[in-house]
Amino acid sequence: MPTACFIIPSWHYWKDPLKHTPYWELYYATYVKKAGIETDVIDIRSMKKNHKDLDLTKIVNKIPERNFYFYWIFKTGDAAEIYSTVKLLKKKYPKSIHAAGGTHVDMCQDECVKHFDSIIVGPGEESFINVITDYNKKKLLKKYSVNYKSLHFRNTDFPDRSFLSDNLIANNKMFNQYGEINSTLTYFSRGCMMKCAFCTYNVPHYLQVKKPELVTREIKYLKNRYNVKGLLVKDEVAISPNKKISTKILEAIGNENIIWRGQTTTMATYEQLKLAKESGCIELAFGVETVDNNVMKIIDKTWQNQKSITRCIEDAKKVGIKVKICLVLGLPGEKKDIVNATLNFLKEIKPDYANVSGFLPVPGSPIAKNFKKFGIKMIDKDWSKYSHLLYRFSDEEEVGLPFEFEKITPWGKSLTNLEIKENIIRVQTWLRENSMVY
């Protein structure tokens, strides 16, 4: 019988990689296992001595032999490490077959075919199994491609979490700003209907939302098996703009007497926010991205403005939901006053929490595809630099900004990388001093 193994990378960009629970590797491993294939999951995060120590050679030497090694490269920041892992495993187990899917693979197909025996474009529920089946028939393809429309997330199984030990599934860290709450994370939808110029997480380019009965079934499983009291809903858009859909999902969550937090857009209405609160929502993150309306236009987010942002945040506060603002600094078109404008915005809006990320020209995004149009002179494709979490946890973090603007852009004089880094440090420092990060 063939053996298959999904490998979770180290998530080197997180201060505490074990805080969040892996999802997609467990999700696809569930499908392979249900196909009758002996399947396990190797978690590199838990094989490191600490979050800074990553000796891949030593780690790979501890990985047992399997016929097939599978990867899901959701973030480009994991790509370089996974490429190295494949190379080392190939050297150790020359007959092993390696296949990968995920957003990075979708966007960098020509590159990825050089590193893997097969790549998976689109969803992997069927494709990972087909890699094994076709290899055994000596008909292995270099690329397996499935359209998301032909494999809807609404009918799919939830992940079998038993591939990992209980402490790697549920912990009390995800809600630590609210006390010690045993929690885990999940997805009730995949994709995003927005087309933000800096983003590639809108894969597919629309929302595929779970059936309410499957949402209920998964929550019951997590409560009964792991005694989960809180859920981090990792959907790109946790509250669908479609009120009929959002009502059914929120009611399904609410019936299970659990608290949850997630992220959504500022299109959420007062009625939707009120129902979210009644369903157990205690915090929502809103992707504001920038406080500069001109930059908002440049990144193709014209459906959102200061008025709509203020309205949504005020509505969330009215119903009793804590507000978290997500911002990106270093975007095309920013002016020298961006820090003052950002801090003034935060002081006026008074969110409970805020996250600030550094802009990344991630492969496949509209900005990366046509970077000269956005005033970018150079993009560094060293994927190990592709972490957007600059200076969030300390002033020593400096992984990111793998690009450089032209001195003069279509929007005037640009900010240098040094200026962008200093801006990020200033805002992150202010947030820490005001207890607005966790």
Side-chain angles (χ1 to χ4, degrees), residues 13 177 192 194 196-201 236-238 261-268 283-314 316-317 322-362 365 367 374 386-395 397-401 403 405 411 414-415 417 419-438:
Y13 34 79
Q177 65 273 37
C192 178
M194 301 305 175
C196 303
F198 62 90
C199 185
T200 57
Y201 293 138
E236 293 301 309
V237 183
R261 67 182 181 91
Q263 66 179 9
T264 194
T265 70
T266 53
M267 291 190 298
E283 177 188 305
L284 282 173
F286 296 95
V288 171
E289 320 307 359
T290 180
V291 301
D292 185 315
N293 282 330
N294 186 52
V295 176
M296 200 80 79
K297 294 176 183 177
I298 294 170
I299 63 174
D300 200 11
K301 210 160 183 170
T302 52
W303 56 269
Q304 178 175 258
N305 54 41
Q306 297 291 332
K307 184 178 180 180
S308 65
I309 292 168
T310 301
R311 188 278 311 163
C312 186
I313 291 172
E314 288 178 349
K317 289 181 178 181
K322 296 283 188 181
V323 171
K324 182 178 182 179
I325 297 297
C326 297
L327 297 166
V328 180
L329 289 178
L331 289 164
E334 279 186 354
K335 303 298 183 184
K336 285 188 176 293
D337 66 348
I338 189 64
V339 169
N340 290 335
T342 299
L343 295 182
N344 288 338
F345 168 82
L346 293 170
K347 292 171 184 176
E348 179 183 348
I349 295 296
K350 294 183 174 60
D352 299 280
Y353 306 104
N355 272 357
V356 175
S357 300
F359 163 62
L360 276 178
V362 287
S365 65
I367 291 179
F374 292 89
Y386 275 59
S387 168
H388 59 278
L389 303 172
L390 289 83
Y391 312 113
R392 182 171 297 178
F393 304 108
S394 76
D395 291 338
E397 296 173 297
E398 192 173 336
V399 181
L401 302 183
F403 66 94
F405 284 114
W411 304 280
S414 68
L415 299 180
N417 279 22
E419 288 174 316
I420 294 171
K421 290 178 181 179
E422 289 175 345
N423 287 345
I424 294 171
I425 290 174
R426 281 183 60 193
V427 177
Q428 298 285 31
T429 300
W430 186 88
L431 292 173
R432 289 201 301 269
E433 290 173 349
N434 286 272
S435 302
M436 295 174 67
V437 292
Y438 56 82

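From a predicted model like this one, the values you see are computed outputs, not experimental measurements. We're numbering straight along the sequence, starting at 1.
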Enquirer: Taking all atoms of both residues into account, what is the closest heavy-atom pair of Cys312 and Thr265, and its distance?
Expert: SG-O, 4.2 Å

Enquirer: CD1 of Ile367 to CZ of Phe403: how many Å apart, nearest 0.5 Å?
Expert: 9.0 Å

Enquirer: On a heavy-atom basis, which atom in Pro351 and which in Lys317 lie closest, and how many Å separate them?
Expert: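 Closest approach of Pro351 to Lys317: N-NZ, 4.3 Å.
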
Enquirer: For Thr266, is there any backbone N or O sitting under 3.5 Å from a side-chain donor or acceptor partner on Arg311?
Expert: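 Here the side-chain-to-backbone pair exists.
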
Enquirer: Applying side-chain contact (heavy atoms from CB on, under 4.5 Å), run through Leu331 and Ile298 and close with a yes or a no.
Expert: CA-CA 9 Å; Leu331 289 164; Ile298 294 170; over 6 Å; no

Enquirer: Mind checking the CZ-OG1 spacing from Arg426 to Thr429? Nearest 0.5 Å is all I need.
Expert: 9.5 Å

Enquirer: Can you tell me how far the CG atom of Leu327 sits from the CZ atom of Phe345, to the nearest 0.5 Å?
Expert: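 The CZ atom of Phe345 is 6.5 Å from CG of Leu327, to the nearest 0.5 Å.
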
Enquirer: Where do Arg261 and Lys322 land on the side-chain contact (heavy atoms from CB on, under 4.5 Å) test, with the steps shown first?
Expert: CA-CA 9 Å; Arg261 67 182 181 91; Lys322 296 283 188 181; over 6 Å; no

Enquirer: Determine yes or no for a side-chain-to-main-chain donor-acceptor pair under 3.5 angstrom, with Asp352 supplying the side chain and Lys324 the backbone.
Expert: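 Checking the backbone N and O of Lys324 against the side chain of Asp352, no donor-acceptor pair under 3.5 Å is found.
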
Enquirer: Roughly how far, to the nearest 0.5 Å, is OG1 of Thr290 from NZ of Lys297?
Expert: 12.5 Å

Enquirer: For the backbone of Ile338 and the side chain of Thr342, can you confirm whether one donor and one acceptor N or O come within less than 3.5 Å of each other?
Expert: yes

Enquirer: Is there side-chain contact between Leu346 and Leu431, with heavy atoms separated by less than 4.5 Å?
Expert: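 Heavy-atom side-chain distance check passes, below 4.5 Å.
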
Enquirer: Does Gly287 offer a backbone N or O that forms a donor-acceptor pair with the side chain of Lys301 under 3.5 Å?
Expert: yes

Enquirer: First locate atom SG of Cys199, then atom CG of Leu360, and finally report the distance between them rounded to the nearest 0.5 Å.
Expert: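 Rounded to the nearest 0.5 Å, the SG-CG separation comes to 11.0 Å.
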
Enquirer: Report the relative orientation of the aromatic rings in Phe359 and Phe405; use parallel for angles under 30°, tilted for 30 to 60°, perpendicular for over 60°.
Expert: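 Ring orientation of Phe359 relative to Phe405: parallel.
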
Enquirer: May I ask you to decide if Val295's main-chain N or O and Glu334's side chain share a donor-acceptor pair within less than 3.5 Å?
Expert: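 No: the side chain of Glu334 does not pair with the backbone of Val295.
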
Enquirer: Short question: side chain of Gln306, backbone of Val291 - any donor-acceptor pair under 3.5 Å?
Expert: yes

Enquirer: Just checking, is any N or O donor in the side chain of Glu283 or Gln177 under 3.5 Å from an acceptor N or O on the other one?
Expert: yes

Enquirer: Keeping the roles fixed (side chain from Asp292, backbone from Asn294), state whether a donor-acceptor pair exists under 3.5 Å.
Expert: yes

Enquirer: Any side-chain heavy atom of Ser365 within less than 4.5 Å of one from Tyr201?
Expert: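 With C-beta onward as the side chain, the pair stays apart.
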
Enquirer: Does some side-chain heavy atom of Val339 sit less than 4.5 Å from a side-chain heavy atom of Trp430?
Expert: no

Enquirer: Verify, without hydrogens or angle tests, whether Gln428 (side chain) and Ile424 (backbone) share a donor-acceptor contact under 3.5 angstrom.
Expert: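 Here the side-chain-to-backbone pair does not exist.
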
Enquirer: Closer than 3.5 angstrom, by distance alone: can the side chain of Thr310 be matched with the main-chain N or O of Lys307 as a donor-acceptor pair?
Expert: no

Enquirer: Given the rule in the side-chain contact (heavy atoms from CB on, under 4.5 Å) test, do Ile299 and Cys196 qualify, once you have shown the distances and angles that lead to the verdict?
Expert: CA-CA 6 Å; Ile299 63 174; Cys196 303; 5.6 Å; no

Enquirer: Going from CD on Gln263 to CG on Asn355, what distance comes out if it is rounded to the nearest 0.5 angstrom?
Expert: 9.5 Å

Enquirer: How close do Ala285 and Cys326 get, counting heavy atoms only, and between which atoms?
Expert: CB-SG, 4.0 Å

Enquirer: Report the C-alpha distance between Phe286 and Thr264 in whole Å, list the side-chain angles of each, state the deciding distance to 0.1 Å, and finish with yes or no for side-chain contact (heavy atoms from CB on, under 4.5 Å).
Expert: CA-CA 5 Å; Phe286 296 95; Thr264 194; 3.6 Å; yes

